[in-house]
Amino acid sequence: MTVGLEEINLTKIMVRKVSARSIIKHISPLVIQFLLGALLLTACEPDLKEVDRIANLKKEEAVDISRHVDIIYSDSTRVKANLTAPEMRIKHDSTEIYEFPKSIKIIFYDENLKETQRITSDHAVRREKDKVTIFTKNVVVTMADGSVLKTEEIIYDEGAKDPNRTFYNNLPVQAFFKDQRGNLQGSSFSSDKDLLHANIQNATGVVIIQDNNLFPSIGR
């Protein structure tokens with residue numbers, strides 16, 4: 001007996017239909033509800049992803065990115081500081097945050113345009129609303145006299161109630177005196193706005209005596 005190709009296909013289709021009906025008869029209503037719920041969730045998944053994508057786009061649109069930043073700060077035509085950074089991000093919302101995610105360098109000048117101090121770090125955040133700048137990751141402060149401070153965080157608070165804590169931190173700090181006259185390690189650091197009177201709390205270290213000058217200064 002010869003069976004045609006069309007008859008074979010029809011037989012397969014009929015077998016599939018019978019098998020499906022027999023399986024459905026043995027599935028409980030609870031399982032059917034579960035399967036329908038799973039199908040609905042699967043159908044909604046692309047929509048949820050699309051919502052997340054649009055939300056992320058809105059967040060990105062609220063941030064301006066500037067590269068190769070070079071900003072001069074002046075007061076009554078007098079140049080006070082120069083800020084440079086590979087990248088600056090500005091968030092245009094109520095937080096008014098300026099972020100420098102790829103390092104920052106600020107050089108301060110006196111009235112004769114002579115460098116007085118400089119601060120570098122791998123990351124920084126400026127909270128314009130609070131007038132606070134937070135330098136983090138490999139923070140290095142170089143004073144006019146050649147002394148250097150190194151730490152992982154320094155906070156610059158322009159509105160500080162205590163003028164001797166305009167710059168401060170609560171993390172370990174290292175100080176290296178000018179002319180290689182020794183170094184100090186401490187638990188924290190504070191200073192005035194001009195970084196001329198640096199104080200290191202719980203300091204220990206080594207000081208080399210020269211010319212009857214027992215203790216070299218930091219920043220002066």
Side-chain angles (χ1 to χ4, degrees), residues 69 71 73 75 79-86 88-89 91 95-112 114-220:
V69 178
I71 302 173
Y73 293 93
D75 183 11
V79 175
K80 300 183 71 175
N82 179 209
L83 182 156
T84 55
M88 177 176 68
R89 299 187 175 198
K91 296 184 179 180
T95 59
E96 297 183 42
I97 290 178
Y98 294 72
E99 182 183 9
F100 303 87
K102 298 181 179 180
S103 78
I104 185 174
K105 177 172 69 175
I106 302 179
I107 300 177
F108 298 89
Y109 300 97
D110 62 15
E111 60 276 6
N112 299 315
K114 180 182 178 182
E115 180 179 335
T116 55
Q117 301 91 18
R118 70 169 57 196
I119 299 177
T120 62
S121 66
D122 291 346
H123 184 271
V125 172
R126 166 71 175 179
R127 297 177 181 171
E128 186 63 32
K129 197 171 184 178
D130 301 325
K131 300 299 181 184
V132 170
T133 305
I134 303 173
F135 302 88
T136 56
K137 298 181 181 179
N138 298 318
V139 185
V140 178
V141 180
T142 304
M143 311 292 193
D145 65 356
S147 55
V148 175
L149 291 172
K150 293 184 179 181
T151 184
E152 286 301 304
E153 179 184 79
I154 285 182
I155 300 170
Y156 174 46
D157 184 1
E158 294 180 37
K161 294 181 180 179
D162 183 354
N164 292 320
R165 283 183 62 82
T166 303
F167 285 93
Y168 71 94
N169 77 352
N170 295 299
L171 292 178
V173 60
Q174 289 181 302
F176 300 87
F177 295 115
K178 61 181 179 180
D179 301 328
Q180 298 181 343
R181 291 191 56 188
N183 59 78
L184 293 176
Q185 296 80 41
S187 59
S188 58
F189 152 84
S190 62
S191 178
D192 62 299
K193 65 180 181 65
D194 296 318
L195 290 167
L196 295 176
H197 306 283
N199 295 307
I200 297 175
Q201 287 72 42
N202 302 313
T204 60
V206 177
V207 177
I208 299 174
I209 300 174
Q210 289 182 350
D211 301 327
N212 295 323
N213 189 350
L214 297 179
F215 297 103
S217 61
I218 300 175
R220 289 177 290 178

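Keep in mind the model is a prediction, meaning the values are calculated, not measured.
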Spatial distance of atom [atom1] ([X]) from atom [atom2] ([Y]) [nearest 0.5 Å]:
| X | Y | atom1 | atom2 | answer |
| --- | --- | --- | --- | --- |
| Ile104 | Lys137 | CD1 | NZ | 14.0 Å |
| Lys105 | Ile119 | NZ | CD1 | 13.0 Å |
| Lys102 | Met88 | NZ | CE | 14.0 Å |
| Thr151 | Leu171 | OG1 | CG | 5.5 Å |
| Ile107 | Glu115 | CD1 | CD | 5.0 Å |
| Glu153 | Ser188 | CD | OG | 11.5 Å |

Keeping [X] on the side-chain end and [Y] on the backbone end, is there a donor-acceptor pair under 3.5 Å?
| X | Y | answer |
| --- | --- | --- |
| Thr116 | Asp110 | no |
| Asp130 | Val132 | no |
| Asp194 | Leu196 | no |
| Asp157 | Gly159 | yes |
| Thr142 | Arg118 | no |

Next on the checklist: Between Val140 and Val148, does the side chain to side chain contact (heavy atoms under 4.5 Å, CB included) criterion hold? Intermediate values first, please.
Outcome noted: CA-CA 7 Å; Val140 178; Val148 175; 3.8 Å; yes
Checklist entry - Should we count OH of Tyr156 as having more than 12 external heavy atoms under 6.0 Å? => result yes
Is [Y] close to [X] at the side-chain level, that is, under 4.5 Å between some pair of heavy atoms?
| X | Y | result |
| --- | --- | --- |
| Ile154 | Val141 | yes |
| Leu83 | Phe100 | yes |
| Arg89 | Pro101 | yes |
| Ile97 | Arg126 | no |
| Phe135 | Ile106 | yes |
| Asp192 | Thr166 | no |
| Met143 | Leu195 | yes |
| Phe189 | Leu149 | yes |

Item to check | Steps toward side chain to side chain contact (heavy atoms under 4.5 Å, CB included) verdict (Tyr109, Asn82) | outcome: CA-CA 8 Å; Tyr109 300 97; Asn82 179 209; 3.9 Å; yes
Shortest non-hydrogen contact between [X] and [Y], atoms and distance:
| X | Y | answer |
| --- | --- | --- |
| Thr136 | Ser121 | O-CB, 3.5 Å |
| His123 | Val125 | CE1-CG2, 3.4 Å |
| Tyr98 | Glu128 | CE1-CB, 3.9 Å |

Checklist entry - Are Glu158 and Arg127 close enough, and set up right, to give a salt bridge (charged side-chain N to carboxylate O under 4.0 Å, His left out), and what steps lead you there? => result CA-CA 11 Å; Glu158 294 180 37; Arg127 297 177 181 171; over 6 Å; no
Item to check | Criterion side chain to side chain donor-acceptor pair (under 3.5 Å) against Ser187, the qualifying member of Asn169, Asn170, Asn202 | outcome: Asn202
Checklist entry - Going through the checks in order, is the side chain to side chain donor-acceptor pair (under 3.5 Å) test met by Gln201 and Asn199? => result CA-CA 6 Å; Gln201 287 72 42; Asn199 295 307; 6.0 Å; no
Checklist entry - Would Lys150 count as a cation-pi partner of Phe176, with NZ or CZ less than 6.0 Å from the six-membered ring centre and within 45° of the ring normal? => result yes
